[in-house]
Structure formats: C-alpha cells, structure tokens
Amino acid sequence: MKIKQQSIPWEIIVPCLGMMLLAVLKFAHFELPFFWDESWSYGKAVAVMVEQGPTLNPASVDQEVFRGHPLFFYFLTSGVGKLFGFTPIVMHSYMFLISTVLLVWYGYVIKRWFGQRVSIIATVIVVTNQMFAVQSSFLLPEVLIGFLCVITVYYFLEKNFILYFITGSALILIKESAVVLFAVLGLFLLINSIREHLAFKKLLRAGFFYAAPILVYVLFLCIQKVKWGWFLFPAHVDLMDFAFGTIKGRLVKSYAVLFYFYENIVFVGMVLLSIILLFLGFSKRERFSRKQQDVLLIVFLFAIGYSLFTAVNFYTLRYLLALFFMLVIPIAVVVGRVQLPGVYQTILSVVFIATMLSVVLIRPYRLAERVGDCSWGYVNAVQVRQQLINRAVSDHPKATFFAGFLMGVNMRDSRLAYVRPNQMPNMVEIDQAEFALVSKIEENEWYMPTIQDTNQFQVVLEIEEKNFWGRLYKRK
C-alpha cells in the first residue's frame, strides 16, 4: 500500500514564524499604556463594558462612550478584560493572539484560491508591513475588519451558509464600515446572476444567503433608532465630507500610503520586476479559474468602494488596513506567477523574503521616525508621555494641570495606565493651570502660542526619545 506523501504546510508555518518575529520585536511594548484612539475611544469603552458586563444590546450602553458603533468588538475584548483584568499587557497580548489566528486563516484562504506560493507571498507582505505590525497588538478593530473581509468573501464564494453567516455577522457587528463589503457582494451577485442567467427562485435563494448578516445589522440599527432616535451616531454623520477636493486629496494620500510611504515602495518595486519577468516569458502558463476570476473581480470592486468610503468619512491611516489586505491578493498573484529556471527561483524567493524583513520591517523598527498609531514611533511617543505625566504628577501632587485632548484623556482616567488611581491630577483649563503638559503631537494646537509665551510659562522639564519630545511648562 502506497503512503501518500504530505506536503509541508508552509502557508501555516510562514505566518506563524512571522508573528513569532513580531512577538520578539513587540513583547516589551505590550505593557505600554494605551495610545491614541486606544485610549480615548476604544480603550475607554472596553473598560466601561468590563465594569458593566459584556453586552451586544445598544440600548443598554452610554452612546457618548460607544458612539453608535456595533458592539461585537467591545463584547469580544471586554470578556477577556473581565476574566484576566483590564490592563495593557492583557489586552495587547489578546489582540496579538487574534491577529495571529486571523493571519493564518487569511493565508489558508489565499492558498485555497491561488495555491501555496501566492499564500506565502501574501502573508510575508502583510506581516512585514509597518501598519499591520504596529496595529496587530492594538486594542482597535481594524485588523479584525481587514482579515474578516477576506475570510467572509471566501465563505460567500464557497456557498457555505453557516460560516458565511458567522464571519459576516461578526464583521458587520464590529464596525459599520463593513457595509462596503456587503454592497460589493450584492453587486457581484447581480453581475453573476446576469452572467449565468439565474432563474428567479435561485436568485431569491442566493439573495437570502447573501443578506443574512445584513439583517443582523439592520436589527442592531432598529434598536438604536427606537432607543436613541437615530440609526447612525449624529457626530459621525456630521464628519462626512463630499467635497470633491477632500475626496481627491484623501484618495491620493491613501494610495501614497499603501504603495509608497512606510517602505511599501519596496514591494511595489518587486511587483514591477515581476511584471517585467512575466513579459519576458518567465511565467507559469496557467489560466485563471472561474473562482479566481470571481475573487479578483470582488477585490477590484472592493478597492473602488472602500476607497470612496474612506474618502468621504473621517480619515485615519489605520482604516486602510482592510483595503491593504485585499490589494495584497492580486499583488501576490502577480509575484507568484513568476517562474524562473532551476536555482534562480530559490534565489529570487530568498531575496524577496530577506528584503521584506530587512528593509520593510526591521529598518523602520530601528529608525522609528514617524509618530502615530500606524508606525513604530508610537513606542517613543507613549514612553515620553508616560514619563512626562508621571514626573509632573509625582513632583507636583497638589498642583493644577492643563493638557490637550489626548494627553488630558490619558491623565483623567487611571484605567489607561498613565496615572495611578491614588495620584489623580487636578485638571483645569489653561487660564487656571499652574502647569501645562505638551508633546510633539500637540505642537500645532491652538493653545501652543499661549504656552510658548515666555511671559506666561517657562519650561521646567523636557524629555526626549529619538525624534519625539515632551515638555512640562510652569506658569511664571
């Protein structure tokens, strides 16, 4: 009896090794306090749900805290906070574990569509990307949204109703931006029905299959409408901007970030090299299957729809992760179709992985030039702000303090891990403050001219880490 030789599951091994490398780079940062939207938005809301108990009912939460978002992300994370404690190291470790599981799942899906080589290329591109590397442990939903978009498409095309309903419902109950994917799937279903001349009964059955997760979200919206009088949080609706100049500017910035900034120009160069090699005849002679064509069509439609959605809504870089995870698929397909003779194929693979690790991942980690929640510079920012707040509060326990929005949020809530519960500072407006705290993040805020006025304030403490600084000013 012949024993069938099992192939090595590199589509699982490679993402696991990649996340192990990220864990080595990031583990010391897991205990850092919550940063940016982690602190003032999601971290605060998760902390509230930890105290009040996990829930999916929008009628039972304070909408000034949860801001009309679907509640599954808070539900998912608050349960862990309830069991193990709401601390940065617990929540960051949990989010990193979720990111690891979803990356492996993502690689599995791409293998089923395009084969092992494309899967490996895609996961290498993702795991070395600076935005993903940083966000993989953050208490924010964008990594989950991005991966679940791809996974939901997979079960939709497989016509697996149960898993499509589970992943689709989870996706749309994490954040309302998921509606873009379901709009795209609806358009694809329409195109497919025309292409295949579906009978009305089959179209109706397919429509119900497609719409099931949307009905869950509609129920959520109806509860919000009955309880609060609105479907979508009014403050978020007010942030939408349909001006042509705004949309154009955000679209240009989005694709510059995806394909130029954050060292992404490196893998774009590899794609161009791959295209040249393909034109020279170094390619696999394979036609795309019908399912592969369907995947690429959905990716194309999603790229258009999601780009426009992010361009008219409140814009921040991490929202691009869902678009990035989708666009990586055709990029990996192009690179994966290159077929060089003999040992040259192995050399090309080694050069690709080595370049992605050294230039795209390790170099920006060492430099940490940019500051934000999508770049490695966040480590310096958090450390400086934490030290600044600790020194200010411990050295002047009875003083009055002023800080801008984000720093003020960090100082007013001990659950965010910048201040101890027994050292809560007395926060006041700038005209009443004895001390003012600012950092590089706030250098262009409206109050800076007042603080930098040497007739009113003077610097009594300055802390620097690489290109990030924080200062404590004392009123004269």
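Along the sequence shown, residues carry numbers from 1. Note that this is a predicted model, so its numbers are computed, not measured. Side chains included, hydrogens not; waters and symmetry mates left out as well; all remaining heavy atoms used.
Between the CG atom of Leu148 and the OH atom of Tyr155 there is a distance of 10.5 Å, given to the nearest 0.5 Å. Between the CZ atom in Arg67 and the CG atom in Asp62 there is a gap of 11.0 Å [rounded to 0.5 Å]. His69 contributes atom NE2, which lies 10.5 Å from atom CG of Leu232 (distance to the nearest 0.5 angstrom). To the nearest 0.5 Å, atoms CD1 (Ile389) and CZ (Phe401) are separated by 10.0 Å. Note: Met427 CE to Leu437 CG = 7.0 Å, rounded to the nearest 0.5 Å. Note that CZ of Arg415 is 12.0 Å distant from OG of Ser39, once rounded to the nearest 0.5 Å.
Here the two rings, on Tyr447 and Phe402, have centers that are under 6.0 Å apart. You'll find the ring centres of Phe302 and Phe188 outside the 6.0 Å limit. In this structure, Phe73 has its ring center closer than 6.0 angstrom to the ring center of Tyr42. In this structure, His29 has its ring center no closer than 6.0 Å to that of His92.
Residue Glu462 forms a salt bridge (Lys or Arg N to Asp or Glu O under 4.0 Å) with just one option from Arg471, Lys440, Arg391, and that option is Arg471. Tested against Leu181 for a side chain to side chain contact (heavy atoms under 4.5 Å, CB included), the candidates Thr152, Ile172, Leu301 yield a single pass: Thr152.
The environment of NZ in Lys248 is sparse: at most 12 heavy-atom neighbours from other residues, nucleotides or ligands sit within 6.0 Å. In the displayed structure, Lys26 atom NZ is contacted under 6.0 Å by more than 12 heavy atoms of other residues, nucleotides or ligands. Few gaps surround CZ on Phe405; more than 12 heavy atoms of other groups in view lie less than 6.0 Å from it.
Side-chain contact between Trp113 and Val118: absent, with no pair of heavy atoms (C-beta onward) separated by less than 4.5 Å. Using a 4.5 Å heavy-atom cutoff, the side chains of Val438 and Met407 are not in contact. The shortest distance between side-chain heavy atoms of Leu361 and Trp376 falls below 4.5 Å. Using a 4.5 Å heavy-atom cutoff, the side chains of Val127 and Leu21 are not in contact. Put simply, the side chain of Cys374 does not reach to within 4.5 Å of the side chain of Gln130, judged on heavy atoms. At least one side-chain heavy atom of Leu157 sits less than 4.5 Å from a side-chain heavy atom of Ile298. Using a 4.5 Å cut-off on side-chain heavy atoms (C-beta onward), Phe114 and Leu296 make contact. Side-chain contact between Glu38 and Pro33 is absent, with no heavy atoms from C-beta onward closer than 4.5 Å.
Judged by distance alone, the side chain of Asp453 and the main-chain N or O of Pro449 form no donor-acceptor pair under 3.5 Å. Counting only distance, with no hydrogens or angles, the side chain of Ser375 and the backbone of Arg370 share a donor-acceptor pair below 3.5 Å. Between the Gln224 side chain and the Phe231 main chain, a donor and an acceptor come within less than 3.5 Å of each other. At least one donor-acceptor pair closer than 3.5 Å links the side chain of Tyr306 to the backbone N or O of Tyr319. Between the side chain of Tyr418 and the backbone N or O of Phe34 there is at least one donor-acceptor pair closer than 3.5 Å. In this structure, Tyr217 contributes its side chain and Ala178 its backbone to no donor-acceptor pair below 3.5 Å. Thr400 places no side-chain N or O within 3.5 Å of a backbone atom of Asn426 that could act as its donor or acceptor partner. Checking side-chain atoms of Ser41 against main-chain N and O of Asp37 turns up no donor-acceptor pair under 3.5 Å. Under the 3.5 Å distance criterion, the side-chain polar atoms of Trp105 are left unmatched by any main-chain donor or acceptor of Phe147. Within the 3.5 Å criterion, the main-chain N or O of Val90 finds no donor-acceptor partner in the side chain of Ser93.
Using a cut-off of 4.0 Å between Lys/Arg side-chain N and Asp/Glu carboxylate O, Arg318 and Asp373 are scored as salt-bridged. Salt-bridge formation is not detected for the pair Asp241/Arg250: no Lys NZ or Arg NE/NH1/NH2 atom is positioned less than 4.0 Å from an Asp or Glu carboxylate oxygen. Using a cut-off of 4.0 Å between Lys/Arg side-chain N and Asp/Glu carboxylate O, Arg385 and Glu442 are scored as salt-bridged.
Among all heavy-atom pairs drawn from Ala436 and Phe457, the shortest one is CB-CE2, 4.3 Å. Summarising the geometry of Gly85 relative to Met91, their closest heavy-atom pair is O-SD, 4.4 Å, with the distance given to 0.1 Å. The heavy-atom pair separating Leu251 from Ser307 by the smallest distance is CD2-O, 3.5 Å. The minimum heavy-atom distance between Ile223 and Pro58, with the atom names listed, is CG2-CG, 3.6 Å. Between Pro425 and Val393, the shortest heavy-atom distance links the atoms CB-CG2, 4.0 Å. The two residues Gly107 and Thr123 have their closest heavy-atom pair at CA-CG2, 3.8 Å.
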Derivation and outcome, side-chain contact (heavy atoms from CB on, under 4.5 Å), residues Met49 and Val65: CA-CA 10 Å; Met49 192 172 282; Val65 175; over 6 Å; no
Step-by-step side-chain contact (heavy atoms from CB on, under 4.5 Å) determination, Ile441 to Trp36: CA-CA 10 Å; Ile441 293 173; Trp36 213 275; 3.6 Å; yes
Pair Phe435-Leu461, side-chain contact (heavy atoms from CB on, under 4.5 Å): steps then yes or no: CA-CA 11 Å; Phe435 292 90; Leu461 175 65; over 6 Å; no
Stepwise side-chain contact (heavy atoms from CB on, under 4.5 Å) check, Leu144 with Met95: CA-CA 9 Å; Leu144 279 72; Met95 294 307 300; 3.5 Å; yes
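Using cut-offs of 30° and 60° on the angle between ring planes, the pair Tyr210 and Phe156 is perpendicular. Ring geometry for Phe138 versus Tyr378: interplanar angle over 60°, hence perpendicular rather than tilted (30 to 60°). Taking the six-membered ring where the residue is Trp, Phe233 and His236 present perpendicular rings, their angle passing 60° and hence far from 30°.
The salt bridge (charged side-chain N to carboxylate O under 4.0 Å, His left out) analysis of residues 84-103, with sequence neighbours excluded, yields no pairs.
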